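Report on the structure given below.
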Amino acid sequence: MDLLDDLNPQQLAAVTLPDEPALILAGAGSGKTRVLTTRIAWLIQTGRVGPAGVLAVTFTNKAAREMLTRIESMLPINTRGMWVGTFHGLCNRLLRAHHRDAGLPQTFQILDVQDQLSSIKRLIKAANVDEERCPPRELQFFINSAKESGRRAADLSAGGHDRRWIELFAAYDAQCQREGSVDFAELLLRSVELLTRQQALREHYQERFRHILVDEFQDTNALQYRWLKLLAGKTRPIFAVGDDDQSIYRFRGANVGNMSDFQREYDVRQVIKLEQNYRSHGNILDAANQLIGNNVRRMGKRLWTDAGPGEKLRLFEAGSDGLEAAWIVEEVRDLQRHGARLLDIAILYRANAQSRVIEHALFNSGLAYRVYGGLRFFERAEVKHALAYLRLIANSDDDVSFARVVNFPPRGIGARSVEQLQQAARAAGTSLFGAIAAVGGRAGASFAQFSKLIGELRAAAAGQSLAELVEETIERSGLMAHYRGEKDGADRAENLAELVNAAAGFVREQESDTGAGVPVAGDAGAQPSASVHDAALHSFLAHAALEAGDNQAGAGQDALQLMTVHAAKGLEFDTVFLTGLEEGLFPHENSLSEADGLEEERRLMYVAITRARRRLNLSFAQSRMLHGQTRYGLRSRFVDELPAKTITALTPRLRAGFATAAEAGPYETRGSAWRRSDWPAGAAGNGSGHGAGAEQGTGLRIGQGVRHARFGDGVVVRLQGSGSDARAQINFGAFGVKELLLAVAKLQTS
DNA sequence: GGAGACTGCGTTTTT
DNA sequence: CGCAGTCTCC
């Protein structure tokens with residue numbers, strides 16, 4: 001059977017496991033996705049299950065798509081009946097099909113994080129609560145945490161929580177219910193409640209889904225686990241794939257404990273470990289294994305490869321963050337000279353703020369780069385504005401959207417008018433839109449005009465394609481004209497135009513197949529939708545909320561890949577630069593006070609290391625500009641946890657640094673081959689201007705040795721100001737650290 | 001209603 | 001330092 005060709009024994013065992021609960025511990029690069037998809041294909045091919053009996057859950061849309069693509073390439077079957085998607089996408093599908101039983105309008109809107117926040121802000125204002133006493137973000141976190149642990153306001157006791165918060169939680173849920181909107185956590189909670197309450201429905205799905213497969217199981221939260229258990233019932237096997245060593249989302253509610261709970265609760269007989277790694281060379285894996293071995297709470301796993309040791313890891317100590325960036329530029333150029341593509345090189349960091357210095361250096365060097373993790377397409381303000389109009393067309397009671405665009409583009413409806421309308425709405429118990437008739441005067445006339453616009457767009461929609469509706473909406477709402485008239489609005493206007501394309505593309509995809517996250521008629525208990533166009537619009541809006549879209553265009557271009565370690569999870573690169581390996585930054589200082597915080601940081605480091613296929617470059621800086629001031633960091637403890645024999649330490653020509661000599665503690669350099677550093681002329685200047693303040697023009701840089709007539713030999717630890725105000729802090733050892741005005745002080749460089 | 005000053009804040013973030 | 005969100009004044 002060619003499906004099973006080339007699987008290693010453990011993979012084969014996992015793929016062909018009998019129908020029983022299974023836990024697959026899949027190490028980084030061990031062929032996890034392959035096992036998951038081959039398992040599905042094998043189950044179908046051997047007739048153990050039909051496509052409609054498969055439920056496969058992932059966390060990201062990308063992973064879900066990848067899974068579908070692979071299955072389709074393995075089997076000549078229609079994946080239409082299969083439920084493959086994200087937790088949220090599948091919940092959306094479930095709730096659309098059974099909206100009545102779930103107590104929702106069929107047209108319920110999905111609130112993304114921003115929508116939810118503005119909804120909460122509106123609520124706080126309406127309840128006359130002081131935002132100081134109740135920060136919206138904190139309330140949002142409170143509500144989401146509660147929901148993700150399966151609790152509603154009624155389930156919370158006042159003890160421990162502020163009673164006001166619980167009241168606001170209840171009021172928020174009531175507001176969402178009234179407006180027909182559902183936040184991300186609600187999608188899950190509503191589904192869990194629906195399945196818990198409706199026995200017949202639950203049994204229907206338990207009967208239907210004969211095999212349930214879960215990806216990245218270590219990232220599931222309490223509610224998602226409950227959801228899985230409800231669908232599996234007592235009989236259906238769950239095939240859970242995960243890696244406890246790659247659990248890095250605890251701060252978002254993920255509970256690694258689900259893995260051992262699952263093992264216990266389902267009496268999993270055999271945990272299959274996938275430990276053969278097909279990604280990285282030996283030295284990289286040795287480093288990863290030794291590092292993660294320092295974690296106490298593990299299920300236990302050791303990656304190995306038959307690819308040979310490969311290159312050693314390289315460790316670079318930079319004088320400053322700017323110099324670290326300059327070094328990366330040099331190294332990248334070197335790799336390029338040896339034929340490497342930029343696309344295969346990643347620069348990773350712990351926190352987004354670190355990217356700026358690196359971007360600066362890359363920009364000046366002319367190297368192409370792409371930063372992941374910014375605003376995504378459907379999260380952009382202009383796109384959200386357009387979507388708000390579309391949502392109003394779909395459901396005029398959507399107050400979130402109403403408030404967002406009633407005066408955007410500006411049409412003379414101010415805060416006072418909106419307040420007036422809000423009062424009228426509250427008095428009459430209607431939505432904002434529904435209260436328009438109750439407002440008189442000039443404000444009333446403005447509102448009526450807005451209402452007319454929405455009504456006309458809705459009427460026109462009946463005879464239009466989705467793309468035409470989108471286009472007409474952005475034109476007649478005035479959005480397009482607004483951005484065209486703005487001096488920096490060209491990009492935004494372009495994004496609006498792109499939204500029309502996105503709508504057209506979406507419809508095309510719908511027609512060719514039925515992807516996850518789309519309401520499907522024909523499921524048990526499904527209620528037919530009102531009209532074809534309505535359905536298309538609603539699907540599109542759900543799609544926009546559930547899939548934020550690509551980070552940016554140009555993904556395939558040959559450019560360096562910059563991202564946080566979190567964002568790199570699941571990806572791999574020939575060469576990885578892992579930067580900012582300093583105490584306080586990685587591991588992050590905030591994590592040290594949390595229980596299990598250090599272990600999670602170490603798992604993060606483990607994820608970072610295992611991204612590299614051939615080359616892994618580690619770096620840290622003696623000084624780093626953070627929050628407007630220079631900080632001196634020590635080398636990360638994680639660096640010292642790596643096996644010395646896998647590392648080559650590099651050094652810049654001038655290593656006499658303040659941090660090194662006086663503060664860095666045990667600083668012997670390990671590894672053997674010291675590299676004769678070949679700084680390009682002016683490299684120090686390159687990294688300046690940004691990281692280390694006034695390096696430029698002073699002829700000095702951090703870490704440089706200098707001689708003063710009175711204080712003797714010293715080391716530059718900080719530079720600030722420029723021109724005649726340029727000053728340097730210099731450590732003169734016995735004389736202490738002095739701040740000198742460079743225009744005055746006579747310094748000799750040494 | 002909107003541009004420009006002012007303040008406060010600063011891990012990570014699949015949906 | 002750089003930004004996002006708020007405030008103030010026209």
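Residue numbers begin at 1 in each chain, while the letters A, B, ... track the order of the sequences. Quantities reported herein were computed from a predicted structural model and do not represent experimental measurements.
Checking B/dT13, B/dT15, C/dC1 against every side-chain atom of A/Tyr249, the shortest atom distance belongs to B/dT13. Side-chain proximity of A/His627 to the nucleotides C/dG2, B/dG10, B/dT13 is greatest for B/dG10. The nucleotide whose nearest atom lies closest to any side-chain atom of A/Arg350 is, among B/dT13, B/dT11, B/dT15, B/dT11. In the set B/dT12, B/dG2, B/dT15, the nucleotide with an atom closest to the side chain of A/Pro410 is B/dG2. For A/Arg356, whose side chain is taken as the heavy atoms from C-beta onward, the closest listed nucleotide among B/dT13, B/dT11, C/dG2 is C/dG2. Of the candidate nucleotides B/dT15, B/dG1, C/dG2, B/dT15 has the atom nearest to the side chain of A/Leu546.
Summarising the geometry, the separation between CG on A/Leu585 and P on B/dT12 is reported as 10 Å, rounded to the nearest angstrom. In this entry the distance linking CE of A/Met563 with P of B/dT13 reads 11 Å, nearest Å. Straight-line distance from the CG atom of A/Leu592 to the C1' atom of B/dT11: 12 Å, rounded to whole Å. With rounding to whole Å, A/Glu601 atom CD is found 11 Å from B/dT12 atom P. If you take CG of A/Leu598 and C1' of B/dT12, they are 15 Å apart, rounded to a whole angstrom. Between the NZ atom of A/Lys147 and the P atom of B/dT15 there is a distance of 19 Å, rounded to whole Å. Taking atom OH on A/Tyr372 and atom C1' on B/dT13, their separation rounds to 17 Å, with Å as the unit. Atom-to-atom, CD of A/Glu138 to P of B/dC9 comes out at 11 Å; the value is rounded to the nearest Å.
In this structure, A/Arg96 forms a cation-pi arrangement with A/Phe108, its terminal cationic atom sitting closer than 6.0 Å to the ring centre and no more than 45° off the ring axis.
A donor-acceptor contact closer than 3.5 angstrom links the side chains of A/Glu382 and A/Asn495.
Each of A/Asn61 and A/Ser417 lies near DNA chain B, and the nucleotide nearest A/Ser417 is the one positioned closer to the 5' end. Positionally, the nearest nucleotide of DNA chain B for A/Ile413 lies more toward the 5' end than for the other of A/Glu216 and A/Ile413.
A 6.0 Å sphere centred on CD of A/Glu594 holds more than 12 heavy atoms belonging to other residues, nucleotides or ligands. Heavy-atom neighbours of A/Arg152 CZ from other residues, nucleotides or ligands within 6.0 Å: above the threshold of 12.
Minimum interatomic distance between A/Asn258 and A/Asn221 (heavy atoms only, all atoms of both residues): ND2-O, 3.3 Å. Of all non-hydrogen atoms in A/Gly580 and A/Phe586, the two that sit nearest each other are O-CB, 3.8 Å.
Within the 4.5 Å cutoff, side-chain heavy atoms of A/Phe638 are placed close to those of A/Arg602.
Taking the 5.5 Å centre cut-off and the 30° plane limit, the aromatic side chain of A/His88 is not classed as stacked on B/dT15. In this pair, A/Phe59 does not lay its aromatic ring on the base of B/dT15; centres under 5.5 Å and planes under 30 degrees do not both hold.
When the C1' atom is used for both B/dT12 and C/dG5, the distance is 22 Å, rounded to whole Å. Atom C1' of B/dT11 sits at a distance of 25 Å from the matching atom of C/dT6, rounded to the whole Å.
Using a 4.0 Å cut-off, some side-chain N or O of A/Arg376 falls inside it from OP1 or OP2 of B/dT15. Residue A/Ser591 has no polar side-chain atom (N or O) positioned under 4.0 Å from OP1 or OP2 of B/dT11. Proximity of A/Asn352 to the phosphate of B/dT11: no side-chain N or O atom is located under 4.0 Å from OP1 or OP2.
In this structure B/dT11 sits in the syn conformation; its chi angle is within 90° of 0.
Backbone-only contact: A/Gly412 has heavy atoms under 4.0 Å from sugar-phosphate atoms and none from a base. Within 4.0 Å of A/Gln116, counting heavy atoms only, lies no atom of the nucleic acid at all. Here A/Val565 lies out of heavy-atom contact (under 4.0 Å) with every strand.
A donor-acceptor contact shorter than 3.5 Å is absent between the side chain of A/Arg380 and the backbone of A/Arg492.
Legend: residues meeting ring pair (Phe, Tyr, Trp, His ring centres under 6.0 Å) with A/His385, ordered by chain and number and at least two apart, are A/Phe408.
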What are the atom names and distances for every N/O pair under 3.5 Å that joins the protein to nucleotides 5-10 of chain C?
none

